[in-house]
Engineer: 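Can you read through this structure? Questions will come right after.
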Amino acid sequence: MATPFQTQPVADASRDYTPVDRLLLQVGKGLGLLARGPFAARPAAPMSSRYPAERVAEAPLDERERKHAAGLMRVNHAGEVSAQALYHGQALVARDHEVREHLLRAAAEERNHLQWCDARLRELGEQPSVLSPLWYAGSFAIGAAAGLVGDKASLGFVEETERQVVDHLNEHLGKLPRQDRRSRAIVEAMRADETRHGEEAAAAGAAPVPMPVRRIMAGVSQIMKFGAYRV
């Protein structure tokens, strides 16, 4: 019987890497996300998946609405940087090949989200959070620590993370300017993917995350949201 992890192969998991190989792969991916250079000079990343706002008309926004929409999309971008790091850290220490493959496949989808948020920030005339290296480093360490507890605990961490992310995206849909349909299309597409990631982790036997850990996760998320919205 097929498991939730057997839908698509992931190139990074197609051979038996040593732990050092996996560490270098994940760190290289993280550095690739962050080494984009200043906003005015960095080239646009090629889209690896269809842009959800591609066929949505741009609506006029006043300056306050534009800045607010950009702040929310900057938080979403920071969240995707953190998601990449979490999955990379967890994949580094995963014991089971299928679990590692699932984590790397989910990270690839989060990379799509990162590109979508980056593109929307460009359209709004803004740039990602200057604290992105901090978000990545901290989340990588958290992901690796969660993964060291065990694969079931790691999957539980994925499920809880995605539940909190979906709540956060629902909150943003309530805060975005009503006429900003391009940003809304992106957030809605991200929400569908994040919901599926959580459901896949649950179906694979994720262990429940203790309530104190859930509260810590929520607190760390609030810190990131506060910082990324502003810088």
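What you see is a predicted model; the values in this text were computed from it and never measured.
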Engineer: Rounded to the nearest 0.5 Å, what separates atom CD1 in Ile186 from atom NE2 in His77?
Structural biologist: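 Going from the CD1 atom of Ile186 to the NE2 atom of His77 covers 11.5 Å.
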
Engineer: Side chains of Asp118 and Pro128: closer than 4.5 Å at any heavy-atom pair?
Structural biologist: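 Counting from C-beta outward, Asp118 and Pro128 do come under 4.5 Å.
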
Engineer: Which residue pairs satisfy the salt bridge (charged side-chain N to carboxylate O under 4.0 Å, His left out) criterion with at least one member in residues 207-220, sequence neighbours excluded?
Structural biologist: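 Counting only pairs at least two positions apart or across chains, the salt bridge (charged side-chain N to carboxylate O under 4.0 Å, His left out) contacts touching residues 207-220 are Glu160-Arg214.
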
Engineer: Minimum heavy-atom separation for Ala91 to Leu103, with atom names?
Structural biologist: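 Looking at all heavy atoms of both residues, the shortest contact is N-CD1, 3.7 Å.
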
Engineer: Under the rule for side chain to side chain contact (heavy atoms under 4.5 Å, CB included), what residues qualify as partners of Glu65, not counting sequence neighbours?
Structural biologist: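 Applying side chain to side chain contact (heavy atoms under 4.5 Å, CB included) to Glu65 gives Leu61, Asp62, Pro177, Gln179.
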
Engineer: Can you sort out the partners of Asp167 under side chain to side chain contact (heavy atoms under 4.5 Å, CB included), two or more places apart, ordered by chain and number?
Structural biologist: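 Residues passing side chain to side chain contact (heavy atoms under 4.5 Å, CB included) with Asp167: Arg163.
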
Engineer: In the structure I gave you, are the side-chain heavy atoms of Glu80 and Gln115 within less than 4.5 Å of one another anywhere?
Structural biologist: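 Side chain of Glu80 against side chain of Gln115, heavy atoms only: no contact under 4.5 Å found.
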
Engineer: Of the non-hydrogen atoms in Ala201 and Val158, which two are nearest, and what is the gap between them?
Structural biologist: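 Distance-wise, the nearest heavy atoms are CB-CG1, 3.9 Å.
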
Engineer: Between Phe157 and Val93, is there shared hydrophobic-cluster membership here, with clusters defined by ILVMFWY side-chain heavy atoms closer than 4.5 Å?
Structural biologist: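 No, Phe157 does not connect to Val93 through the hydrophobic network.
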
Engineer: Should Arg181 and Glu188 be marked as a side-chain contact (heavy atoms from CB on, under 4.5 Å) after you check the CA-CA gap, both sets of side-chain angles, and the distance that decides it?
Structural biologist: CA-CA 10 Å; Arg181 294 176 57 239; Glu188 287 169 357; over 6 Å; no

Engineer: Applying side-chain hydrogen bond (donor to acceptor under 3.5 Å, both in side chains), name anything that partners Ser129, two or more places apart in sequence or on another chain.
Structural biologist: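 With sequence neighbours excluded, Ser129 shows a side-chain hydrogen bond (donor to acceptor under 3.5 Å, both in side chains) to Trp135, given in chain and number order.
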
Engineer: What is the minimum heavy-atom distance between Val99 and Ala94, and which atoms define it?
Structural biologist: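 Taking Val99 first and Ala94 second, the nearest heavy atoms are CG1-CB, 4.3 Å.
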
Engineer: Does some side-chain heavy atom of His113 sit less than 4.5 Å from a side-chain heavy atom of Asn76?
Structural biologist: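 Side chain of Asn76 against side chain of His113, heavy atoms only: no contact under 4.5 Å found.
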
Engineer: Would you tabulate the side-chain donor-acceptor contacts of residues 142-154 under 3.5 Å, counting partners in other chains and residues two or more places apart, or write 'none'?
Structural biologist:
| unit_1 | atom_1 | unit_2 | atom_2 | d |
| --- | --- | --- | --- | --- |
| Asp151 | OD1 | Arg95 | N | 3.1 |
| Asp151 | OD2 | Arg95 | N | 3.4 |
| Asp151 | OD2 | Asp96 | N | 2.8 |
| Lys152 | NZ | Ala204 | O | 3.0 |
| Ser154 | OG | Gln90 | NE2 | 2.7 |

Engineer: Of the non-hydrogen atoms in Ser183 and Leu124, which two are nearest, and what is the gap between them?
Structural biologist: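 Where Ser183 meets Leu124 most closely, the heavy atoms are OG-CD1, 4.4 Å.
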
Engineer: Could you tell me which residues satisfy side chain to side chain contact (heavy atoms under 4.5 Å, CB included) with Val213, sequence neighbours excluded, listed by chain and number?
Structural biologist: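 Per chain and number, Val213 pairs via side chain to side chain contact (heavy atoms under 4.5 Å, CB included) with Val209, Pro210, Met217.
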
Engineer: As an exercise, state the distance from CE of Met73 to SG of Cys117, rounded to the nearest 0.5 Å.
Structural biologist: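 Output value for this atom pair is 4.0 Å.
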
Engineer: Not counting sequence neighbours, which residues clear ring-ring contact (aromatic ring centres under 6.0 Å, His included) with His197? List them please.
Structural biologist: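 In terms of ring-ring contact (aromatic ring centres under 6.0 Å, His included), with neighbours along the sequence ignored, His197 is linked to no residue.
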
Engineer: What's the separation between atom CZ in Phe140 and atom OH in Tyr87, rounded to the nearest 0.5 Å?
Structural biologist: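 If we round to the nearest 0.5 Å, Phe140:CZ and Tyr87:OH are 15.0 Å apart.
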
Engineer: Which residue pairs satisfy the ring pair (Phe, Tyr, Trp, His ring centres under 6.0 Å) criterion with at least one member in residues 166-190, sequence neighbours excluded?
Structural biologist: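 For residues 166-190: His168-His172.
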
Engineer: For a quick test of reading the model, state the closest non-hydrogen atom pair linking Val187 to Leu169 and the distance between them.
Structural biologist: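 Result for this residue pair: CG1-O, 3.7 Å.
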
Engineer: Applying side-chain hydrogen bond (donor to acceptor under 3.5 Å, both in side chains), name anything that partners Gln222, two or more places apart in sequence or on another chain.
Structural biologist: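 Checked Gln222 against side-chain hydrogen bond (donor to acceptor under 3.5 Å, both in side chains); zero matches.
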
Engineer: According to side chain to side chain contact (heavy atoms under 4.5 Å, CB included), who are the partners of Arg182, at least two apart in sequence or on a separate chain?
Structural biologist: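 Only Tyr51, Ala53, Val56, Glu58, Arg120, Glu123, Asp180 meet the side chain to side chain contact (heavy atoms under 4.5 Å, CB included) criterion with Arg182.
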
Engineer: Is there a donor-acceptor pair closer than 3.5 Å between any side-chain N or O of Glu110 and the backbone N or O of Gln84?
Structural biologist: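 A pair under 3.5 Å: no.
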
Engineer: At what distance, to the nearest 0.5 angstrom, does CG of Leu104 lie from NE2 of His88?
Structural biologist: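 Between Leu104 CG and His88 NE2, I get 7.0 Å after rounding to 0.5 Å.
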
Engineer: Mind listing the side-chain donor-acceptor pairs of residues 223-231 below 3.5 Å, one per line with the distance, residues two or more places apart or on another chain?
Structural biologist:
| unit_1 | atom_1 | unit_2 | atom_2 | d |
| --- | --- | --- | --- | --- |
| Lys225 | NZ | Glu171 | OE1 | 3.3 |
| Tyr229 | OH | His68 | ND1 | 2.8 |
| Arg230 | NH1 | Phe226 | O | 2.9 |

Engineer: Look up atom CD in Glu162 and atom CG in Leu86, then write down how far apart they are to the nearest 0.5 Å.
Structural biologist: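 Between Glu162 CD and Leu86 CG, I get 9.0 Å after rounding to 0.5 Å.
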
Engineer: Name all residues meeting the salt bridge (charged side-chain N to carboxylate O under 4.0 Å, His left out) criterion together with Arg66; count only those two or more places apart in sequence or in a different chain, and write none if there are none.
Structural biologist: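 If we apply the salt bridge (charged side-chain N to carboxylate O under 4.0 Å, His left out) test to Arg66, skipping adjacent residues, the hits are Glu63, Glu126.
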
Engineer: Less than 4.5 Å apart, side chain to side chain, heavy atoms only: is that true for Trp116 and Pro52?
Structural biologist: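 With C-beta onward as the side chain, the pair touches.
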
Engineer: Under a 4.0 Å threshold between the charged nitrogen and the carboxylate oxygen, would Glu200 count as salt-bridged to Arg196?
Structural biologist: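 Yes, this pair counts.
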
